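See below for the structure under consideration.
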Amino acid sequence: MIREGRFTDGQKKAFAKLWPKYGIDAQQIDIFDANKHFDKPQPLLLDIGFGSGDSLLSLAQQRPDINFLGLEVYRPGIGAVLRKIEQHEISNVSVMNVDAMQFIKAHLPADLFAGVMVWFPDPWPKTRHHKRRLVQETFLIELSRVMQDQAILHLASDWQPYVKFMIARVEKVQSFTRLDTHVNPLNLTRPPTRFEQRGLRKGHIVSDLIYRLNK
């Protein structure tokens, strides 16, 4: 579900001015074709729920030889990201304002991504809200379809009950093999997010879960 949130004047202006340049309208897509939205044909990574976008942009700057597609439901965060893309002249990022599950299921072809990041998704801590959590078995099955053979799935959370929840869900999808957290197959450094820093201030433990897909 698309969410508006608090939209500052600066974010609104950035969204209006820069969306046509760096944003992709889901309504205009039947089946996503990366060649139409990136300057260079190079490996593509998917960042789901990039928030303020600092991590997404850091990754793009680390690896200009990789293209990054970011999905986010909050338009204010997208406005902030668009402004930073323009300021830093980053050419290997495109963003979309979509519900990830709906878009993946309806518009993405098979074997598209070399890697997928889902960092600090909403943990929905109350039991009655667990069904709203993003990382469910059905979501993982859809992800496996759009990921390439040997692609990497990187999950991260500071909410340990959700960490256990995610581990249990991924284990049900037998095509994913968990890797040691010291392994860095994508050669990317995950920058700290605001959610992570807030969790650390509260004394939370941050867990990274890294998996390889075997088709």
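Quantities reported herein were computed from a predicted structural model and do not represent experimental measurements. When a residue number appears, it is its place in the shown sequence, counting from 1.
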What's the spacing between Asn187 CG and Arg63 CZ if we round to 0.5 Å?
5.0 Å
Looking at Thr189, is its backbone amide N or carbonyl O close enough to the side chain of Gln62 to form a donor-acceptor pair, meaning the two atoms are under 3.5 Å apart?
yes
Walk me through it: do Phe120 and Val206 pass the test side-chain contact (heavy atoms from CB on, under 4.5 Å)?
CA-CA 9 Å; Phe120 303 92; Val206 173; 3.8 Å; yes
Considering only NZ, NE, NH1 and NH2 on the basic side and carboxylate oxygens on the acidic side, decide whether Asp65 and Lys40 come within less than 4.0 Å.
no
Flag this pair as yes if the NZ/CZ of Arg178 is under 6.0 angstrom from the six-membered ring centre of Phe176 and inside a 45 degree cone about the axis; otherwise no.
no
Considering only heavy atoms from C-beta outward, does the side chain of Asp149 approach that of Asp111 to under 4.5 Å?
no
Just wondering, do Leu143 and Arg145 contact through their side chains at under 4.5 Å, heavy atoms?
no
Salt-bridged, Glu86 to Lys17, with N to O below 4.0 Å?
no
For Arg83, give me all partners under side chain to side chain donor-acceptor pair (under 3.5 Å), at least two apart in sequence or on another chain.
none
Hydrophobic cluster membership, Ile167 vs Ile205, 4.5 Å side-chain cutoff
no
A side-chain contact here means heavy atoms from C-beta on lying under 4.5 Å apart; do Leu112 and Met147 qualify?
no
I'd like to check Leu155 versus Trp119 (side-chain heavy atoms, cut-off strictly below 4.5 Å). Are they in contact?
no
First locate atom CZ of Arg133, then atom NZ of Lys131, and finally report the distance between them rounded to the nearest 0.5 Å.
13.5 Å
Go through it in stages, so that I can follow the logic: the residues are Ser157 and Met166, the test is side-chain contact (heavy atoms from CB on, under 4.5 Å), and I'd like the CA-CA distance, side-chain angles, deciding distance and then a yes or no.
CA-CA 9 Å; Ser157 178; Met166 291 193 292; 3.7 Å; yes
Between Gln148 and Phe113, does the side-chain contact (heavy atoms from CB on, under 4.5 Å) criterion hold? Intermediate values first, please.
CA-CA 6 Å; Gln148 299 168 357; Phe113 299 107; 5.8 Å; no
Please assess Val173 against Ile141 for the test side-chain contact (heavy atoms from CB on, under 4.5 Å), listing each intermediate value before the final yes or no.
CA-CA 7 Å; Val173 184; Ile141 290 171; 4.2 Å; yes
Starting at NZ of Lys172, measure out to CD of Gln136 and round the result to the nearest 0.5 Å.
9.0 Å
Tightest non-hydrogen contact, residues Pro121 and Ala156, listed as CD-O, 3.5 Å
Taking 4.0 angstrom as the limit, do Asp208 and Arg190 come out as a salt bridge?
yes
Nearest heavy-atom approach of Met117 to Leu59 is CE-CD1, 3.5 Å
Applying side chain to side chain contact (heavy atoms under 4.5 Å, CB included), name anything that partners Ser94, two or more places apart in sequence or on another chain.
Ile24, His37, Phe38, Leu69
Within 6.0 angstrom of Gln87 CD, more than 12 heavy atoms from elsewhere:
yes
Close side-chain approach of Leu153 to Ile210, heavy-atom, < 4.5 Å
no
Test of ring centre spacing under 6.0 Å for His130 and Trp124
no
I need the minimum non-hydrogen distance between Val93 and Ala60, along with the two atoms involved.
CG2-CB, 3.3 Å
Side-chain donor/acceptor of Tyr162 to backbone N/O of Val135, under 3.5 Å:
yes
Does a side-chain heavy-atom distance below 4.5 Å link Leu140 with Thr138?
no
Between the CZ atom in Arg212 and the NE2 atom in His154, the distance rounded to the nearest 0.5 Å is 13.5 Å
Contact between Phe165 and Trp159 at the side-chain level, heavy atoms closer than 4.5 Å - yes or no?
no
Taken to the nearest 0.5 Å, the spacing of Leu179 CG from Thr177 OG1 works out to 7.5 Å
Quiz: residues 43-56 side-chain donor-acceptor pairs under 3.5 angstrom, not counting sequence neighbours:
residue : atom : partner : partner atom : Å
Asp54   : OD1  : Lys84   : NZ           : 2.6

Answer yes or no: is there a side-chain heavy-atom contact under 4.5 Å between Ile152 and Val116?
no
Pairing donors with acceptors under 3.5 angstrom, does anything connect the side chains of Asn97 and Glu72?
no
To the nearest 0.5 Å, how far apart are CD1 in Ile104 and CD in Gln102?
10.5 Å
Asn92 to Gln42 - nearest heavy-atom pair and separation:
CB-NE2, 4.2 Å
Do you know the tightest heavy-atom contact between Leu108 and Phe103?
CD2-CE2, 3.4 Å
Met96 and Asp25 have their tightest heavy-atom pair at CE-C, 4.4 Å
